[in-house]
Colleague: 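Before we start, here is the structure in question, set down as structure tokens.
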Amino acid sequence: MKRIIIVGASSGIGHSLAMQYIADGGWIVGVAARRGDRLEALRQIAPERVCAEVIDVTAADAAASLGRLIARMGGMDVFLLSSGVGKQNPILDASVEEHTIATNVKGFTVMVDAAYRYFRDNGARGQIAAITSIAGTRGIGIAASYSATKRYQWSYLTAIEQLAHTQGVNLTVTDIRPGFVKTPLLDDGNRYPLQLHADYVARAIRRAIARRRRVVVINWAYSILVFFWRLIPRAVWRRMVLNVEHQ
């Protein structure tokens with residue numbers, strides 16, 4: 001059986017992915033997140049094939065916790081990072097910005113690096129997949145830290161892919177860029193357009209991982225949106241008002 005570890009498996013896209021990989025029957029699934037009770041519920045579905053580990057990606061022991069989970073599973077073929085935060089913050093509340101950066105930059109880097117070191121040191125063919133966002137396309141004023149951290153993630157994954165090639169590591173890096181997905185992350189009282197269902201997104205992600213895709217934008221509508229976003233001159237972009245309607 002192949003072995004996958006999903007960090008951020010307690011809710012949202014990560015939870016949908018965990019459920020689908022467990023239901024598949026052909027995978028040993030490692031699930032990790034901060035909420036141990038939700039991880040235990042996943043483990044109980046197939047205790048012979050599911051291992052759980054409480055991991056807070058911002059904690060000092062995050063990399064060590066991932067190492068323990070890998071050891072209990074007997075190795076890892078795919079590492080999938082679905083842990084992330086973000087919200088609208090037009091007033092630039094410092095606590096929001098700091099939490100976003102701590103999770104999406106520091107936590108992201110620690111987890112990706114730990115997974116990379118495992119594949120490098122064990123000489124096995126591996127895959128690192130991470131859920132980033134189309135928000136990395138341009139800096140978005142109402143979500144400055146979120147869009148900026150997602151751009152960071154894009155660049156970091158590209159760098160890791162180059163590093164793997166340079167060091168002779170047999171690694172595929174998959175950058176997954178959804179748009180708005182109906183998850184607790186968007187349960188903030190705002191009405192977001194073009195929302196996708198988490199199960200639909202999870203199925204698309206599984207296909208992308210199986211095909212060892214490098215960059216994936218989920219849903220054709222978002223592919224078109226990103227295409228036109230890239231074409232907007234900076235002078236025009238700074239005058240644009242990007243917002244979502246408050247319910």
Colleague: I'd like to know whether V216 forms a side-chain contact (heavy atoms from CB on, under 4.5 Å) with D175, so could you lay out the CA-CA distance, the side-chain angles of the two residues, the decisive distance to 0.1 Å, and finally the verdict.
Modeller: CA-CA 6 Å; V216 184; D175 181 346; over 6 Å; no

Colleague: Please check this pair: side chain of T149 against backbone of Y146, looking for a donor-acceptor N/O pair closer than 3.5 Å.
Modeller: yes

Colleague: Are the side chains of I209 and Y21 in contact, using a 4.5 Å heavy-atom criterion?
Modeller: yes

Colleague: Where the side chain of R151 meets the backbone of G136, is there a donor-acceptor pair that is under 3.5 Å apart?
Modeller: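 Yes; judged by distance alone, with no hydrogens or angles, the pair exists.
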
Colleague: Would you check if V29 and L42 make a side-chain contact, meaning some heavy-atom pair closer than 4.5 Å?
Modeller: no

Colleague: Look at the side chain of S82 and the backbone N and O of G14, then say whether any donor-acceptor pair between them is shorter than 3.5 Å.
Modeller: yes

Colleague: Counting distance only, does the side-chain N/O of N89 pair as donor-acceptor with the main-chain N or O of D93 below 3.5 Å?
Modeller: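 Present.
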
Colleague: So, the side chain of T132 versus the backbone of I176: is there a donor-acceptor pair under 3.5 Å, distance only?
Modeller: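 A pair under 3.5 Å: yes.
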
Colleague: Which heavy atom of N104 sits nearest a heavy atom of K150, and at what distance?
Modeller: ND2-CE, 4.1 Å

Colleague: Hey, is CZ on R214 packed in by over 12 heavy atoms from elsewhere, all under 6.0 Å?
Modeller: no

Colleague: Checking side-chain contact (heavy atoms from CB on, under 4.5 Å) for the pair C51/M73: CA distance, chi angles, key distance, verdict?
Modeller: CA-CA 7 Å; C51 298; M73 292 178 61; 3.8 Å; yes

Colleague: Taking only Lys NZ, Arg NE, NH1 and NH2, and the carboxylate oxygens of Asp or Glu, determine whether D56 and R34 approach each other closer than 4.0 Å.
Modeller: no

Colleague: For Y118 and M76, which heavy atoms make the closest approach, and how far apart are they?
Modeller: OH-N, 3.2 Å

Colleague: Does some side-chain heavy atom of W27 sit less than 4.5 Å from a side-chain heavy atom of I22?
Modeller: no

Colleague: Could you tell me whether the side chains of R125 and T172 share a donor-acceptor contact shorter than 3.5 Å?
Modeller: no

Colleague: Is there side-chain contact between E53 and S65, with at least one heavy-atom pair below 4.5 Å?
Modeller: yes

Colleague: Answer yes or no: is there an ion pair linking D24 with R206, defined by an N-O contact shorter than 4.0 Å?
Modeller: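 Yes, charged N to carboxylate O under 4.0 Å.
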
Colleague: With E40, which residues qualify under side chain to side chain donor-acceptor pair (under 3.5 Å), at least two apart?
Modeller: R43, Q44

Colleague: With the side chain counted from C-beta on, respond yes when F79 and V7 share a heavy-atom pair under 4.5 Å apart, and no when they do not.
Modeller: yes

Colleague: How close do G126 and R212 get, counting heavy atoms only, and between which atoms?
Modeller: O-NH2, 2.9 Å

Colleague: Take I131 and L17, measure what side-chain contact (heavy atoms from CB on, under 4.5 Å) needs, and give me the verdict at the end.
Modeller: CA-CA 12 Å; I131 298 176; L17 280 162; 4.3 Å; yes

Colleague: Check the pair V201 / H197 against side-chain contact (heavy atoms from CB on, under 4.5 Å), numbers first and verdict last.
Modeller: CA-CA 6 Å; V201 173; H197 289 280; over 6 Å; no

Colleague: For residues T58 and A102, report the shortest heavy-atom separation together with the two atoms involved.
Modeller: CG2-O, 3.6 Å

Colleague: Could you tell me which residues satisfy salt bridge (Lys or Arg N to Asp or Glu O under 4.0 Å) with R138, sequence neighbours excluded, listed by chain and number?
Modeller: none

Colleague: Say whether, by atom type as modelled, one donor and one acceptor occur between the side chain of N122 and the main chain of A124 under 3.5 angstrom.
Modeller: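 Checking the backbone N and O of A124 against the side chain of N122, no donor-acceptor pair under 3.5 Å is found.
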
Colleague: For residues T109 and Y152, is any side-chain donor paired with an opposing acceptor at under 3.5 Å?
Modeller: yes

Colleague: Might you point out which heavy atoms bring L39 and A9 nearest each other, and give the distance in Å?
Modeller: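 Taking L39 first and A9 second, the nearest heavy atoms are CD2-CB, 4.5 Å.
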
Colleague: Specify the closest pair of heavy atoms between I140 and W237, including all atoms of both residues, with the distance to one decimal.
Modeller: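 Nearest pair, atom of I140 first, then W237: CG1-CZ2, 4.4 Å.
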
Colleague: Decide yes or no for L80 and I5: does some side-chain heavy atom of the first lie under 4.5 Å from some side-chain heavy atom of the second?
Modeller: no

Colleague: Would you find a donor on one side and an acceptor on the other, under 3.5 Å apart, between the side chain of T103 and the backbone of T100?
Modeller: no

Colleague: Is the closest side-chain heavy-atom distance between I28 and K2 below 4.5 Å?
Modeller: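 They are not in side-chain contact.
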
Colleague: Between E97 and L92, is there a side-chain heavy-atom distance shorter than 4.5 Å?
Modeller: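 Yes; the side chains approach each other to less than 4.5 Å.
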
Colleague: Checking D121 against Y116 for the side-chain hydrogen bond (donor to acceptor under 3.5 Å, both in side chains) test, could you report, in this order, the C-alpha distance in whole Å, the side-chain angles of both residues, the deciding distance, and whether it holds?
Modeller: CA-CA 8 Å; D121 296 345; Y116 181 86; over 6 Å; no

Colleague: Quick one: does any side-chain atom of R72 pair with a main-chain N or O of G30 as donor and acceptor, under 3.5 Å?
Modeller: no

Colleague: With distance as the sole test, does D77 use its side chain to make a donor-acceptor pair with the main-chain N or O of R3 at under 3.5 Å?
Modeller: yes

Colleague: Taking atom CZ as the centre, does R211 end up with more than 12 heavy-atom neighbours from other residues, nucleotides or ligands that are less than 6.0 angstrom away?
Modeller: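 Counting neighbours around CZ of R211, 12 or fewer heavy atoms of other residues, nucleotides or ligands fall under 6.0 Å, so no.
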
Colleague: Under the 3.5 angstrom rule, does the side chain of Q167 hit a backbone N or O of R120 as a donor-acceptor pair?
Modeller: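 It does not hold such a pair.
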
